[in-house]
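Please read the structure below before turning to the comments.
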Amino acid sequence: MQKILVTGGAGYIGSHTVVELQQSGYDVVIVDDLSNSATSVLKGIEKITGIIPEFEQLDCTDYAGLDGVFIKHKDIAAVIHFAASKAVGESVAKPLKYYRNNLMSLINVLEVMQKHGVDNIVFSSSCTVYGQPDELPVSERAPRKPAESPYGNTKQICEDMIVDAVKSGAKVKASLLRYFNPIGAHPSAEIGELPLGVPQNLIPFVTQTAAGIRAKLSVFGNDYNTPDGSCIRDYINVVDLAKAHVIAVKRLLENKSKKPVEVFNLGTGRGLSVLEVVKTFEKVTGVKLNHEIVGRRAGDIEQVWANPDFANRELGWKAVETIEDTLASAWKWQQKLMR
């Protein structure tokens, strides 16, 4: 059984990926500092899979600690690197936090991998690397634009670090997965998005508003050049996204990648506005959302959605869950948290 190290594996996307890895027969060790997650997630994973993953509480910016994990787990075959600060708005307010955390954690991961002879890494990237694309939907051939936020800039720099490491002769094979907007929860409602404090992402704010935890949902801007004036995003079900990581890591382990660094867009190919999401949530749940239009938020891109054809073709992967089922899963998860 091959062992996969998942940094940030107690987090939102990480925990769903751990489930899919375990259900695909991989052994998993999680490294997470619990800065935006909780140990209760491990119990949720166990309830779904019957297996409690090995867990190391550690900040990936701690080189010595990370080195110790690789010494302890000598049979690591690949790394899936999620561990990062991830909120666009917060990154504008706290840029140095984002540069320190996101860049140093990847530098340490790459250096420790090389030290211990681990060659394979799946990197959690983002569609923010495209900035505001010239053409929509956006494909992997689209140029990367100047980042609209420090968060987006860290993802660009991290991608460059991996590419430059390969160019330098490092024995590394990488899959860079550019996510669009992951939402929803596991259908079991045992794991889901668990923001600490005020949510930085749309859907947990939607569900918390519906549950009465938040007084109202702020929609940032209705004067964008879109049909209803609100921003448009490509919302992808988190389980669909997690399954792509399993395929990507398997591709690396089986030496099926066409080149040392491959890039894949992970999205649905469909753009939805913020106001469309609000209306769909209300329709699916029967809950009226108290929302108000406020000013634009710094760092936000007007509209972006994926052309996922390359990932569909090369990985044999496709996003299949509907927006209705995805929003229903998010609401089911929120309701469980209230009990």
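- Atom CD1 of Ile4 and atom CD1 of Ile76 lie 9.5 Å apart (nearest 0.5 Å).
- In this structure the side chain of His116 reaches within 4.5 angstrom of the side chain of Asp67, judged on heavy atoms.
- At a threshold of 4.5 Å between side-chain heavy atoms, the hydrophobic network of Ile, Leu, Val, Met, Phe, Trp and Tyr places Leu34 and Met104 in two separate groups.
- Residue Lys318 places its NZ atom among 12 or fewer non-hydrogen atoms of other residues, nucleotides or ligands, all under 6.0 Å distant.
- A pairwise comparison of heavy atoms in Val246 and Ser24 identifies CG1-OG, 3.5 Å as the closest pair.
- By the 4.5 Å heavy-atom criterion applied to side chains, Leu241 and Leu177 are not counted as neighbours.
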Evaluation steps, side-chain contact (heavy atoms from CB on, under 4.5 Å), between Ser105 and His81: CA-CA 9 Å; Ser105 61; His81 183 53; 3.6 Å; yes
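- For His73, there are no ring pair (Phe, Tyr, Trp, His ring centres under 6.0 Å) partners at least two apart in sequence or on another chain.
- Listed by first and then second residue, the side chain to side chain donor-acceptor pair (under 3.5 Å) pairs that reach into residues 211-229 are Gln208-Arg214, Asp223-Arg296, Asp228-Ser230, Asp228-Ser273, sequence neighbours excluded.
- Judged by distance alone, with hydrogens and angles left aside, the side-chain atoms of Thr326 form no donor-acceptor pair with the main-chain N or O of Asn237 at under 3.5 Å.
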In a table with atom names and distances, give each donor-acceptor pair under 3.5 Å that connects a side chain of residues 191-206 to protein atoms at least two apart or in another chain.
from: Glu193; atom 1: OE2; to: Asn201; atom 2: ND2; distance (Å): 3.1

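- Looking at Glu148, its side chain never comes within 3.5 Å of a backbone N or O of Thr128 through a donor-acceptor pair.
- Trp317 and Val18 fall within a single hydrophobic cluster, where Ile, Leu, Val, Met, Phe, Trp and Tyr are joined by side-chain heavy atoms under 4.5 Å apart, directly or via other members.
- For the atom pair CG (Leu96) and OG (Ser91), the distance works out to 11.5 Å, reported to the nearest 0.5 Å.
- In summary, Asp234 and Arg270 do not engage in a salt bridge, as defined by a charged side-chain N under 4.0 Å from a carboxylate O.
- Side-chain contact check for Val109 versus Val79: some heavy-atom pair is nearer than 4.5 Å.
- Under the 4.5 Å side-chain heavy-atom criterion for ILVMFWY residues, a single connected hydrophobic cluster contains both Leu176 and Ile157.
- Residue pairs that meet the ring pair (Phe, Tyr, Trp, His ring centres under 6.0 Å) test with at least one member in residues 246-296, sequence neighbours left out, are Phe264-Phe310, Phe281-Trp331.
- Using modelled atom types, no side-chain atom of Lys3 and backbone atom of Ala77 make a donor-acceptor pair closer than 3.5 Å.
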Verdict with reasoning, Glu190 to Lys43, per salt bridge (charged side-chain N to carboxylate O under 4.0 Å, His left out): CA-CA 8 Å; Glu190 294 294 347; Lys43 296 175 184 175; over 6 Å; no
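- Hydrophobic cluster membership is shared by Phe70 and Tyr63, with clusters built from Ile, Leu, Val, Met, Phe, Trp and Tyr side chains linked at under 4.5 angstrom.
- A continuous path of hydrophobic side-chain contacts links Ile162 to Leu103 [ILVMFWY only; heavy atoms under 4.5 Å].
- The two atoms that bring Met113 and Asn120 nearest to each other are CE-O, 3.5 Å, heavy atoms only.
- In this structure, Thr49 contributes its side chain and Val19 its backbone to no donor-acceptor pair below 3.5 Å.
- Salt bridge status for Lys173 with Asp119: absent, with no side-chain N to carboxylate O gap under 4.0 Å.
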Donor-acceptor pairs are to be reported for all side-chain atoms of residues 134-143 against protein atoms at under 3.5 Å, with residues two or more places apart or in another chain.
from: Asp134; atom 1: OD1; to: Lys145; atom 2: NZ; distance (Å): 2.9
from: Ser139; atom 1: OG; to: Arg141; atom 2: N; distance (Å): 3.2
from: Glu140; atom 1: OE2; to: Asn265; atom 2: N; distance (Å): 2.7

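- Residue pairs meeting the salt bridge (charged side-chain N to carboxylate O under 4.0 Å, His left out) criterion with at least one member in residues 158-170, sequence neighbours excluded, are Arg144-Glu159, Arg144-Asp160, Glu159-Arg178.
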Worked verdict on Glu90 versus Lys97 for salt bridge (charged side-chain N to carboxylate O under 4.0 Å, His left out): CA-CA 9 Å; Glu90 185 189 42; Lys97 171 186 174 180; 3.0 Å; yes
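- Residue Arg100 holds its CZ atom at 13.5 Å from OG1 of Thr154, rounded to the nearest 0.5 Å.
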Pair Glu20-Val239, side-chain contact (heavy atoms from CB on, under 4.5 Å): steps then yes or no: CA-CA 8 Å; Glu20 297 302 322; Val239 176; 3.6 Å; yes
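- Here the side chain of Lys155 pairs no donor or acceptor atom with the backbone of Gly152 at under 3.5 angstrom.
- Between Tyr98 atom OH and Asn153 atom CG the span is 13.5 Å, to the nearest 0.5 Å.
- Closest heavy-atom contact between Val31 and Leu58: CG1-O, 3.7 Å.
- Only one option out of Phe123, Tyr26, Tyr179 pairs with His245 in a ring pair (Phe, Tyr, Trp, His ring centres under 6.0 Å); it is Tyr179.
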side-chain contact (heavy atoms from CB on, under 4.5 Å) evaluation trace for Thr268 with Phe180: CA-CA 8 Å; Thr268 67; Phe180 281 68; over 6 Å; no
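- Distance check: Ile80 CD1 to Ser124 OG gives 10.0 Å after rounding to the nearest 0.5 Å.
- Here CG of Leu266 is found 10.0 Å from CG of Asp240. Values are rounded to the nearest 0.5 Å.
- A 4.5 Å side-chain heavy-atom check between Trp305 and Leu272 finds every atom pair outside the cut-off.
- Residues His186 and Ser329 form no side-chain contact, since every pair of their non-hydrogen atoms from C-beta on lies 4.5 Å or further apart.
- Here the side chains of Asn108 and Cys60 are not in contact, with every heavy-atom distance at 4.5 Å or above.
- Asp32 places a side-chain N or O within 3.5 Å of a backbone atom of Ala10 that can act as its donor or acceptor partner.
- Of the possible donor and acceptor atoms, none in the side chain of Glu292 sits under 3.5 Å from a partner among the backbone N and O of Leu217.
- Here the side chains of Val29 and Glu56 are in contact, with some heavy-atom distance below 4.5 Å.
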side-chain contact (heavy atoms from CB on, under 4.5 Å) evaluation trace for Tyr12 with Val238: CA-CA 8 Å; Tyr12 175 43; Val238 67; 3.6 Å; yes
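- The residues Glu262 and Arg251 are annotated as salt-bridged, a charged nitrogen and a carboxylate oxygen being separated by less than 4.0 angstrom.
- Between the side chain of Asn312 and the backbone N or O of Pro308 there is at least one donor-acceptor pair closer than 3.5 Å.
- Using a 4.5 Å heavy-atom threshold, the side chains of Leu106 and Met161 count as touching.
- When all heavy atoms of Trp333 and Ala185 are compared, the closest pair comes out as CB-CB, 3.6 Å.
- Side chain of Asn102 to backbone of Ser85: a donor-acceptor contact under 3.5 angstrom is found.
- Using a 4.0 Å cut-off between charged nitrogen and carboxylate oxygen, Asp300 and Arg297 count as a salt-bridge pair.
- Looking at every heavy atom in both residues, Tyr151 comes nearest to Ser126 through OH-CB, 3.6 Å.
- Shortest non-hydrogen contact noted between Pro260 and Val166 is CB-CG1, 3.6 Å.
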